[in-house]
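Since this is a predicted model, take the numbers as computed values, not measurements.
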Amino acid sequence: MRPAATLPRVPGPRRTTPGHRGDLVALAVEAVLLVAAVAVGLVLNRRGAGLHADAAPLYATWRPHAGWGTPLAVLVAVVVLGPGLRWARTARWATLLAAGWLAAVAWTLSLALVDGWSAGLTRRLTPQAEYLHEVPGVADIPRMLSGFTDRILDFQPDSWSTHTAGHPPGALLVFVWLDRIGLGGGTAAALCCVLVGATAAVSVPVTLRALGAAEAARAVLPFLVLLPGAVWLGASGDAVFTGVVAAGLALLAVRGAVAALAGGLLLGFALHLSYGFVLVGVLALAVLALRRDRRRAALLTAMAGVAAVTALFVLAGFRWWEGYDRVVERYYQGWAAERPYAYWVWANLAALLLSAGPVLGPALRRTALAASRVVGPALRRGALAARPARRADGQGADGPVVGATGTGGDGRGWVRVLGPTVLLPAAAALAVAAADLSGMSKAEVERIWLPFVVWLLVAAAHLPPPARRWWLAAQALTAVAVNHLLFTVS
């Protein structure tokens with residue numbers, strides 16, 4: 001018999017992870033979906049079907065071009081894919097977060113500058129449909145808030161512009177406040193969007209680490225840096241929304257009552273940035289369930305923060321629920337009345353792929369496999385949870401009790417066993433599915449769903465380490481291709 005020391009080592013990932021064939025099948029499914037969405041979109045546009053998206057499934061126009069952001073984007077991608085990816089595994093945590101944010105800013109700015117400084121940044125937020133169009137008219141913030149709902153409906157003299165009408169007043173307030181502190185105009189607003197949107201590359205890893213998934217946090221961070229959705233982070237109001245939501249969820253994950261309260265306040269404000277962020281509640285509950293301590297206290301504290309922000313808006317004269325009723329009516333006063341649900345309900349998913357990147361399908365597939373490896377055997381052993389004999393150390397008469405090891409009947413064990421890299425993408429996927437089926441997200445989801453996209457990419461932690469560089473390269477290539485073939489509209 002050969003000595004144990006001379007036995008050949010078999011790398012761990014080859015034993016525990018499925019082969020790459022399944023990933024390639026998932027990639028093929030994504031390709032078919034994307035080709036179908038583009039082809040059907042072309043046909044429907046030629047027939048005048050009212051898609052109102054020249055490059056469906058994206059809200060963009062076909063315009064191959066390059067700019068001085070092109071070499072910058074290539075440089076950032078090469079640095080992240082080369083030394084950056086290696087360094088991320090061992091760098092000090094605080095330094096890694098700072099570098100990740102700076103790299104995300106550089107990536108987003110370089111993509112925006114492919115269109116040029118003016119078209120890519122300065123004039124991006126100044127069209128009539130954008131928030132900045134309304135900023136000069138807001139002389140009295142309390143008066144604006146008290147009369148906000150009355151101006152939501154279209155076809156009246158003082159109707160809000162499209163984006164302002166389609167969101168609660170918090171979105172407009174962000175740009176009004178910037179103007180008040182001397183940062184008015186398109187350039188300052190666009191740079192603010194970039195800087196705040198890039199913080200998602202910090203908030204998501206912070207959340208994972210706080211929930212006990214430090215290794216996953218390091219694995220996911222490069223995918224957040226080279227996010228294809230950065231094409232729309234620079235620059236749109238949805239970049240700010242993405243940063244605020246991610247920071248609020250990160251604070252819920254961090255220990256301490258003050259952090260939970262701050263997280264609740266941020267998420268309460270996020271609820272007044274977009275009506276769709278009521279779906280962020282699914283992610284918030286997942287984060288709170290994954291906390292290792294004081295879940296109930298954190299939940300109550302966070303709810304107090306959300307309630308406090310809502311109360312302030314109500315006292316100022318804006319009631320979220322009344323605004324939502326008007327927004328539904330305004331939504332169907334515009335293009336939504338013509339955009340066919342039968343196309344967008346599935347073509348939205350193709351737009352999501354271009355925003356999240358081709359890694360989405362394979363990563364979610366591996367996440368589902370990871371969940372099944374836990375859930376299946378645990379369900380087969382479920383009878384163990386009913387054994388009455390259990391000592392204080394979690395041992396039963398015949399050995400460990402399943403409930404003591406994390407799969408008990410109260411649900412908390414399942415949460416601990418599945419972990420954040422399964423539950424957070426699952427919660428984000430549930431939110432996206434609800435938004436898609438609602439019919440209130442017909443087109444433009446490549447930017448609207450960005451606050452959920454960054455949590456879907458947590459699934460990338462399940463990719464085998466040797467494959468991550470290739471998937472990350474595919475992410476960067478997707479962003480560069482979209483930005484150079486199309487002129488995107490925020």
Inset, instruction - Please name the pair of heavy atoms, one in Ala26 and one in Pro362, separated by the smallest distance, quoted to 0.1 Å. - result: CB-N, 3.8 Å
Inset, instruction - For residues Val453 and Glu446, determine if any side-chain heavy atom of one lies less than 4.5 Å from a side-chain heavy atom of the other. - result: no
Legend entry - Pairs meeting criterion ring pair (Phe, Tyr, Trp, His ring centres under 6.0 Å) with involvement of residues 421-459, two or more places apart: none
Inset, instruction - Using the test side-chain contact (heavy atoms from CB on, under 4.5 Å), find all partners of Leu437 that sit at least two apart in sequence or belong to another chain. - result: Tyr341, Val345
Inset, instruction - Check the surroundings of atom CH2 in Trp93: do more than 12 heavy atoms from other residues, nucleotides or ligands lie under 6.0 Å from it? - result: yes
Legend entry - Counterpart residues, side chain to side chain donor-acceptor pair (under 3.5 Å), relative to Arg209 (two or more places apart): none
Legend entry - Taking every non-hydrogen atom, the tightest pair across Leu33 and Trp346: CD1-CE3, 3.7 Å
Inset, instruction - Indicate yes or no: at least one non-hydrogen side-chain atom of Arg151 is less than 4.5 angstrom from one of Arg326. - result: no
Inset, instruction - For Pro57 and Ala347, work out which heavy atoms get closest and say how close. - result: CB-O, 3.5 Å
Legend entry - Geometric cation-pi criterion, Arg339 with Tyr59: 6.0 Å, 45°: yes
Inset, instruction - Show the numbers, then the answer: is there a side chain to side chain contact (heavy atoms under 4.5 Å, CB included) between Leu457 and Gln475? - result: CA-CA 11 Å; Leu457 288 180; Gln475 296 288 94; 4.3 Å; yes
Legend entry - Steps toward side chain to side chain contact (heavy atoms under 4.5 Å, CB included) verdict (Leu472, Arg469): CA-CA 5 Å; Leu472 197 57; Arg469 188 185 308 277; 5.6 Å; no
Legend entry - Interatomic spacing from OG in Ser355 to CG in Leu360 - rounded to 0.5 Å: 9.5 Å
Inset, instruction - Determine, step by step, whether Val80 and Leu85 satisfy the side chain to side chain contact (heavy atoms under 4.5 Å, CB included) criterion, reporting the C-alpha distance in whole Å, the side-chain angles of both residues, the deciding distance to 0.1 Å, and the verdict. - result: CA-CA 6 Å; Val80 173; Leu85 199 57; 5.7 Å; no
Legend entry - Intermediate values then yes/no, side chain to side chain contact (heavy atoms under 4.5 Å, CB included), Leu486 and Arg63: CA-CA 5 Å; Leu486 304 168; Arg63 191 190 303 178; over 6 Å; no
Inset, instruction - Taking the side chain as every heavy atom from C-beta outward, state whether Val314 and Trp321 have any pair of such atoms under 4.5 Å apart. - result: yes
Legend entry - Presence of salt bridge, Asp293 and Arg291, under 4.0 angstrom: yes
Inset, instruction - Sort and list the pairs that fulfil side chain to side chain donor-acceptor pair (under 3.5 Å) and have at least one residue in residues 69-79, not counting sequence neighbours. - result: Thr70-His484
Inset, instruction - Kindly give the heavy-atom pair with the smallest separation between Trp470 and Pro466, and that separation in Å. - result: CD1-O, 3.8 Å
Legend entry - Spacing of Leu418 atom CG and Leu423 atom CG [to the nearest 0.5 Å]: 5.0 Å
Legend entry - Residue pairs, two or more places apart or on separate chains, that pass side chain to side chain donor-acceptor pair (under 3.5 Å) and touch residues 421-439: Asn348-Asp436, Thr421-His462
Legend entry - Heavy-atom side-chain proximity of Leu183 to Trp177 below 4.5 angstrom: no
Legend entry - Note, Ser159 side chain near Arg330 side chain (heavy atom, < 4.5 Å): yes
Inset, instruction - Would you indicate whether the side-chain heavy atoms of Thr162 and Glu130 approach each other to under 4.5 Å? - result: no
Legend entry - Identified side-chain contact (heavy atoms from CB on, under 4.5 Å) partner of Asn483 from the options Thr478, Leu113, Leu111: Leu111
Legend entry - Side chain to side chain, Val458 and Pro420, heavy atoms closer than 4.5 Å: no
Legend entry - Pair listing, side chain to side chain donor-acceptor pair (under 3.5 Å) test, anchored in residues 100-122, at least two apart: His65-Asp115, Asp115-Arg124, Trp117-Thr122, Ser118-Arg123, Thr122-Thr187
Could you pull out all donor-acceptor pairs under 3.5 Å where a side-chain atom in residues 254-283 meets a protein atom, sequence neighbours excluded?
from   : atom 1 : to     : atom 2 : distance (Å)
His272 : ND1    : Gly268 : O      : 2.9
Ser274 : OG     : Gly276 : N      : 3.3

Inset, instruction - Measure the spacing between CZ of Arg319 and OG1 of Thr310 and express it to the nearest 0.5 Å. - result: 12.5 Å
Would you give me the side-chain donor-acceptor pairs under 3.5 Å for residues 213-229, sequence neighbours excluded?
from   : atom 1 : to    : atom 2 : distance (Å)
Arg218 : NH1    : Ala88 : O      : 2.9
Arg218 : NH1    : Ala91 : O      : 2.9
Arg218 : NH2    : Ala91 : O      : 2.8

Legend entry - CG-CG distance between Leu178 and Leu191, expressed to the nearest 0.5 angstrom: 10.5 Å
Legend entry - Student check: side-chain heavy atoms of Leu208 and Leu424 closer than 4.5 Å: yes
Inset, instruction - May I have all residue pairs that pass salt bridge (charged side-chain N to carboxylate O under 4.0 Å, His left out) and include part of residues 177-198, sequence neighbours excluded? - result: none
Inset, instruction - Could you tell me the separation between the CD1 atom of Ile152 and the OG1 atom of Thr164, rounded to the nearest 0.5 Å? - result: 10.5 Å
Inset, instruction - Using the ring pair (Phe, Tyr, Trp, His ring centres under 6.0 Å) rule, collect all pairs that involve residues 121-148, keeping only residues at least two apart or in two chains. - result: Tyr131-His163, Tyr131-His167, Tyr131-Phe175, Phe148-Trp160, Phe148-Phe318
Inset, instruction - Give, for atom CG of Leu288 and atom CZ of Arg295, the distance between the pair rounded to the nearest 0.5 Å. - result: 9.5 Å
Legend entry - Residue pair Val174 / Val240: nearest heavy atoms and the distance that separates them: CG1-CG1, 4.3 Å
Legend entry - Heavy-atom closest pair, residues Ala200 and Val454: CB-CG1, 4.1 Å
Hey, can you pull the donor-acceptor pairs under 3.5 Å for the side chains in residues 134-141, sequence neighbours left out?
from   : atom 1 : to     : atom 2 : distance (Å)
Glu134 : OE2    : Ser161 : N      : 2.8
Glu134 : OE2    : Ser161 : OG     : 3.3
Asp140 : OD1    : Arg143 : N      : 3.2

Legend entry - Donor-acceptor contact below 3.5 Å, side chain Ser236 vs main chain Leu233: no
Side-chain donor-acceptor pairs of residues 297-304 under 3.5 Å, sequence neighbours excluded:
from   : atom 1 : to     : atom 2 : distance (Å)
Thr301 : OG1    : Ala297 : O      : 2.7

Inset, instruction - Can you establish whether the number of heavy atoms outside Tyr324 located under 6.0 Å from its atom OH is more than 12? - result: no
